[in-house]
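Some notes on the structure that comes next.
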Amino acid sequence: MKARLALTLALASLWHRKKVLALVCLTLTLSVSLLLGIQYLRTEVKQSFTSTISGTDLIIGARSGQLNLLLYTVFHIGDATNNIRWSTYQGLKQDNRLAWLIPISLGDSYRGNRVVATDENFFKHFRYGRDLPLELDEGQWFEGVFDVVLGAGVARSLAHQVGEPIVLSHGGGRTSFSNHEDTPFTVTGILAPTGTPVDQAVYISLDGMEAMHVGWESGVAIPGRTITPEQAKGRDFTPDAITAVFVGIDRQILTFRIQREINQFAGEPLSAILPGVALSELWRLMGQFERALLGITGFVVVTSLIGLIAVLLTLQSQRAHEIAVLRATGASPALIASLYILECVALALAACVMALALGMAGLALASPWLLANYGLQIELRPLTPEEWTLMALVPVAAFTVALIPAFNTWRQSRRLGFGEAADQ
């Protein structure tokens, strides 16, 4: 009965001061939305980050650190320390333990986007996210020497369409003064958005990579020695070396044995890394920044709760008459003090509910836009236990801070002489 009475009085008090407390609730809602949004994005970005490449058991490249090898092969950041001989790649293809191999060759760019030379196995076997395959939005995968397939981000930002000619640039920098003007490529396909670095790359054949470098020495085209697409017909463009190989292993139990054999390969210095392990290591190095961001957001919520205390303490002086009336009608100091606690917790719960609704609505509207414009794939999903815990901490924190005005009210009501019989 007393609990119902306290709850009824608290709700009536909140409604009586709805204009002032609505602003406080709005501030708290925005703070909780920010806290929940940051945590949600942390989880989704980490999932997207660690799922940038999936289904690939090993990445093989020239001898290097695992993070460097991961960065230039998967994220297209930095350059390889060396290449792998084509004969070494052919030897790997003869290993029956390897289910499939994807050769890649790097070194050129297109308006700041990395050019990746590969073959049809990239489209067949490369996976991202939760083992999702690549798909084409338009056109088809390259077949000819001078065909090119664009990532979704490249096609969107540069407004390219299937059938357009493009000229690739020599070197991997964002700005290049050496262009392969004699060997223009034709866009044959555009990949569907993936939310990974695949969207920001340009894909050509290994033959195309070799053909456009005929007649080039030390990064400079030698006049009269380059070839045109017409002259390239019928010629053999087997490369001497490639940059790296993505490998799928038939029996997963053999992964570590094969990795050790490749790292100890006597023919040339190689490194074989497990992409999942390397991604976890890279995220661990970056994790301190996102944890700091979450801490700052938590401080914003605490600041909003402190503002709630300030409002309640300010209103306390205006409630002296209300307290006197409640004491005169037999309400105990504990009951009156509990009103502040109930009001604070009710505001916090309302803020959490509104923040959850606001976040879900905002995410549903923003998710297609984020994927289309920034290649960031954020899915609408149920909250994780960690996210529910963060939300639960908000009313708990509200209860804690409400003890300050509640204690002041309890002392004030104790000094009043009404209702002492009821206390006994």
Side-chain angles (χ1 to χ4, degrees), residues 52-95 97-109 113-119 121-122 125-126 168-173 176 196-198 200-214 216-219 237-249 254-282 285:
T52 300
I53 180 172
S54 65
T56 297
D57 299 306
L58 292 174
I59 300 176
I60 303 172
R63 184 65 53 82
S64 176
Q66 70 169 358
L67 291 185
N68 183 48
L69 180 54
L70 178 76
L71 287 174
Y72 71 73
T73 55
V74 176
F75 293 95
H76 308 151
I77 298 174
D79 297 302
T81 56
N82 210 333
N83 288 327
I84 302 174
R85 289 198 294 265
W86 183 253
S87 59
T88 301
Y89 168 68
Q90 292 296 320
L92 290 171
K93 289 181 67 176
Q94 303 305 315
D95 192 332
R97 298 172 300 176
L98 308 183
W100 50 263
L101 293 90
I102 303 174
I104 63 169
S105 188
L106 307 174
D108 289 341
S109 62
N113 301 286
R114 185 62 63 95
V115 172
V116 179
T118 183
D119 60 15
N121 286 325
F122 187 88
H125 299 294
F126 186 88
L168 306 182
S169 301
H170 191 78
S176 177
T196 70
V198 170
Q200 308 302 325
V202 173
Y203 299 91
I204 63 173
S205 65
L206 293 171
D207 288 349
M209 176 70 82
E210 291 298 312
M212 69 180 176
H213 287 102
V214 172
W216 283 68
E217 292 183 10
S218 302
F237 294 107
T238 301
D240 295 326
I242 56 175
T243 304
V245 184
F246 294 159
V247 177
I249 297 176
L254 299 176
T255 301
F256 292 103
R257 179 188 298 180
I258 296 173
Q259 181 189 26
R260 183 172 61 253
E261 291 176 4
I262 293 172
N263 287 333
Q264 296 173 353
F265 182 63
E268 62 176 314
L270 299 176
S271 290
I273 66 169
L274 282 73
V277 174
L279 283 167
S280 298
E281 175 66 16
L282 184 58
L285 296 176

Subject >> Asp108 side, atom CG; His213 side, atom NE2 - distance, nearest 0.5 Å >> reply: 3.5 Å

Original post:
With distance as the sole test, does Thr243 use its side chain to make a donor-acceptor pair with the main-chain N or O of Leu106 at under 3.5 Å?
Top reply: yes

Original post:
Taking C-beta and beyond as the side chain, do Ile204 and Leu168 meet within less than 4.5 Å on heavy atoms?
Top reply: yes

Original post:
Any side-chain heavy atom of Val202 within less than 4.5 Å of one from Val116?
Top reply: no

**OP:** Looking only at non-hydrogen atoms, find the nearest pair between Pro239 and Glu210 and report the distance.
**Re:** CB-OE2, 3.4 Å

**OP:** For residues Tyr203 and Val198, determine if any side-chain heavy atom of one lies less than 4.5 Å from a side-chain heavy atom of the other.
**Re:** yes

Original post:
What heavy-atom pair brings Thr118 and Ile102 nearest, and what distance separates the two atoms?
Top reply: OG1-CG2, 3.5 Å

**OP:** Kindly indicate whether the side chain of Arg63, heavy atoms from C-beta on, has any atom under 4.5 Å from the side chain of Glu268.
**Re:** no

Original post:
Does Arg257 have any salt bridge (Lys or Arg N to Asp or Glu O under 4.0 Å) partners at least two apart in sequence or in another chain, and if so, which?
Top reply: none

Original post:
Under the side chain to side chain contact (heavy atoms under 4.5 Å, CB included) test, which residues partner Pro103, sequence neighbours left out?
Top reply: Tyr89, Asp119, Leu206, Ile242

Original post:
Between His76 and Asn113, do the side chains contain an N or O donor and an N or O acceptor separated by less than 3.5 Å?
Top reply: no

Subject >> Spacing of CG belonging to Asp57 relative to CZ belonging to Arg97, to within rounding of 0.5 Å >> reply: 12.5 Å

Subject >> Side-chain heavy-atom pair Ile59, Val245 within 4.5 angstrom cut-off >> reply: no

Original post:
Which heavy-atom pair separates Pro197 from Phe75 by the least distance, and what is that distance?
Top reply: CG-CD2, 3.7 Å

Original post:
How long is the span from the OG1 atom in Thr52 to the CG atom in Leu282, to the nearest 0.5 Å?
Top reply: 9.0 Å

Original post:
Can you find a pair of side-chain heavy atoms, one from Trp100 and one from Asn121, that are under 4.5 Å apart?
Top reply: no

Original post:
CG/Leu98 to CG/Leu58 distance, rounded to the nearest 0.5 angstrom?
Top reply: 8.0 Å

Subject >> Gap separating the OG1 atom of Thr88 from the CD1 atom of Ile60, nearest 0.5 angstrom >> reply: 10.0 Å

**OP:** To the nearest 0.5 Å, tell me how far Ile249 CD1 sits from Phe256 CZ.
**Re:** 9.5 Å

**OP:** With the side chain counted from C-beta on, respond yes when Gln200 and Arg114 share a heavy-atom pair under 4.5 Å apart, and no when they do not.
**Re:** no

Original post:
Is any side-chain heavy atom of Asp240 less than 4.5 Å from a side-chain heavy atom of Trp86?
Top reply: no

Would you list the atom pairs, donor with acceptor, under 3.5 Å between side chains in residues 269-279 and any protein atom, with sequence neighbours excluded?
{"unit_1": "Ser271", "atom_1": "OG", "unit_2": "Ser64", "atom_2": "N", "d": "3.0"}
{"unit_1": "Ser271", "atom_1": "OG", "unit_2": "Ser64", "atom_2": "O", "d": "3.2"}

